[in-house]
Protein chains: 2
Amino acid sequence: MPLQPVSPRSVPDEVFDQVLAEVVDGGLEAGEALPSERRLAEVLGVSRPAVREALQRMAQTRLVEVRHGGSTTVRDFRRHAGLDLLPRLLLRGGGLDAAVARSILEARLVVGPGVAALAAERGGPALVAALTAAVEALAGTEDDVERQVHALAYWDVVVDGADSLTFRLMFNSLRAAYEPALEALAPLMAEEVGQVGAYRVLTAAIGEGDPDTARAAAERVLRPATTSLLTALKALENSEE
Amino acid sequence: MPLQPVSPRSVPDEVFDQVLAEVVDGGLEAGEALPSERRLAEVLGVSRPAVREALQRMAQTRLVEVRHGGSTTVRDFRRHAGLDLLPRLLLRGGGLDAAVARSILEARLVVGPGVAALAAERGGPALVAALTAAVEALAGTEDDVERQVHALAYWDVVVDGADSLTFRLMFNSLRAAYEPALEALAPLMAEEVGQVGAYRVLTAAIGEGDPDTARAAAERVLRPATTSLLTALKALENSEE
DNA sequence: GTGGTCAAGTGGTATGACCAGTAGCCGAGA
DNA sequence: TCTCGGCTACTGGTCATACCACTTGACCAC
């Protein structure tokens with residue numbers, strides 16, 4: 001096993017995670033009031049600034065509402081939280097959350113072809129060259145994890161080609177959710193990233209400049225693994241209940 | 001003009017916004033180091049905790065990288081920031097950013113039909129009832145702003161029906177970007193939200209349970225206004241250059 | 001060159017104090 | 001009895017300061 005860089009967890013990080021877990025896993029219902037900052041600091045055995053920093057970050061994520069003079073209350077994260085919360089929800093409670101993973105796969109299958117279509121509309125020769133290079137990198141390795149990384153890099157180029165800030169940020173958020181689990185998912189995704197041919201077809205389709213062709217090609221890249229993973233997850237979800 | 005609730009801007013908020021503007025508008029390049037917290041506090045005339053809180057929030061948004069003992073450096077927000085940054089980018093520099101608005105419209109056109117298809121797969125009679133109620137609320141007003149609000153509520157129900165956490169959070173993020181500009185956009189979106197018939201057709205399509213029908217119906221709801229707005233924005237973008 | 005040491009600078013954390021806004025109690029007045 | 005006003009206790013907001021922990025780079029011994 002390769003050495004991993006150590007990542008020291010700061011006190012506010014710790015507090016943030018604990019409060020987040022309470023909110024997300026239902027220990028605290030929406031509308032409920034949190035203990036005061038002083039009280040929390042006392043209970044957790046940390047200083048008030050540390051608590052304060054954690055709560056402010058919670059507020060930024062729209063998970064709680066902090067009111068000067070009043071108490072801090074929990075908000076309904078399903079109604080207000082943004083896509084940046086996805087990584088936290090995917091890894092909730094130690095393992096992968098099957099329902100969240102399913103929804104990510106579904107979203108990918110919707111967004112991917114849309115992005116490819118836009119890239120086809122807007123890309124030029126430079127984009128095709130970058131895509132080709134990315135495909136060759138993908139073809140140049142046999143390792144499943146490395147292939148994952150190269151596939152991700154390929155889509156990164158596609159997103160660049162789409163020239164859409166919204167899709168770019170969306171992709172960043174999804175990638176942030178995906179990357180921590182990348183290694184664990186490598187065997188499951190091997191089927192997809194091993195089909196270099198499909199990526200070549202997609203590259204050519206984008207190069208042709210026809211959105212519909214690109215859309216279809218992207219779907220052919222994403223659909224097979226998505227389908228098989230979804231059925232696997234469905235079995236998992238049912239067995240959990 | 002109706003009275004607006006005052007929203008007191010805290011010191012860390014102010015600092016956050018200033019640093020954010022520097023990073024997003026290019027005053028600080030990616031990789032560049034920020035002044036130290038003490039120096040920033042001195043320059044801005046605030047305390048170090050205030051600066052610290054702002055920087056931590058920047059770090060949470062993945063706009064800067066804070067290293068203990070080292071200096072805080074700017075990251076490339078296009079490469080790392082998540083969808084939660086969208087509202088800030090849309091309203092960059094006082095007005096609406098045309099390129100960002102365009103990308104939101106494009107994303108909407110891709111994601112909306114996808115969500116509708118999922119809702120058709122999973123929704124039952126209860127969903128249709130909720131959708132019908134939402135359409136009736138939409139039909140019950142003539143005011144453009146109110147219609148906007150009701151249309152948003154309608155899509156909210158669709159997203160619920162899709163039973164996908166990813167799309168739910170995505171919708172929340174897009175709505176957070178959209179809502180501040182809702183009033184300004186009302187006249188432009190009037191064309192879309194006035195077509196109650198299209199919403200009824202979409203509702204029926206979702207009720208039928210056929211994803212493809214629902215997808216097509218959703219596109220018929222979204223496409224017309226999207227197209228006309230895109231051409232308007234294109235003219236705007238060109239005139240800006 | 002390699003590794004060790006050290007000082008300076010940076011972020012991390014804690015403490016304590018005080019300011020500012022909220023909410024509820026409670027008495028004075030209608 | 002009701003209502004208004006202010007008082008009070010509690011909450012979050014901000015600050016100054018001190019000290020800890022880490023990184024960096026220079027310098028030095030090996």
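Keep in mind that the numbers below use all heavy atoms, side chains included, and drop hydrogens, waters and symmetry copies.
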Inset, instruction - Would you check if the side chain of R147(B) reaches a backbone N or O of T141(B) as a donor-acceptor pair within less than 3.5 Å? - result: yes

Inset, instruction - Could you tell me the separation between the CG atom of L44(B) and the C1' atom of dT14(D), rounded to a whole number of Å? - result: 15 Å

Legend entry - dG12(D) OP1/OP2 closer than 4.0 Å to side-chain N/O of S71(A): no

Legend entry - Main-chain N/O of G161(A) paired to R122(A) side chain as donor or acceptor, under 3.5 Å: no

Legend entry - N/O (side chain, Q56(B)) to phosphate O (OP1/OP2, dG11(C)) under 4.0 Å: no

Legend entry - Position toward the 5' end of DNA chain C (nearest nucleotide), G69(A) or T72(B): T72(B)

Legend entry - Interatomic distance where CG belongs to D13(A) and P belongs to dG11(C) [whole Å]: 16 Å

Inset, instruction - Could you tell me which non-hydrogen atom of N172(A) sits nearest to which non-hydrogen atom of R79(B), and how far apart they are? - result: OD1-O, 3.1 Å

Legend entry - Gap separating the CG atom of L83(B) from the CG atom of L85(A), nearest 0.5 angstrom: 12.5 Å

Inset, instruction - Please state how far atom CD in E14(A) lies from atom P in dG12(C), giving the value in whole angstrom units. - result: 15 Å

Inset, instruction - Starting at atom CG of L34(B), determine the distance to atom P of dG11(C), rounded to an integer number of angstrom. - result: 9 Å

Legend entry - L55(B) CG - dT10(C) P separation (whole Å): 13 Å

Legend entry - Exercise: do Q60(B) and T61(A) side chains pair donor with acceptor under 3.5 Å: yes

Legend entry - Among R39(B), R38(B), E42(B), side chain to side chain contact (heavy atoms under 4.5 Å, CB included) partner for R48(B): R38(B)

Inset, instruction - Take the protein atom CZ of F16(B) and the nucleotide atom P of dG13(D), then report the distance between them rounded to whole Å. - result: 16 Å

Legend entry - Sugar-phosphate or base contact per nucleotide [nucleotides 13-19 of chain C; S, B, -; heavy atom under 4.0 Å]: BBB-B--

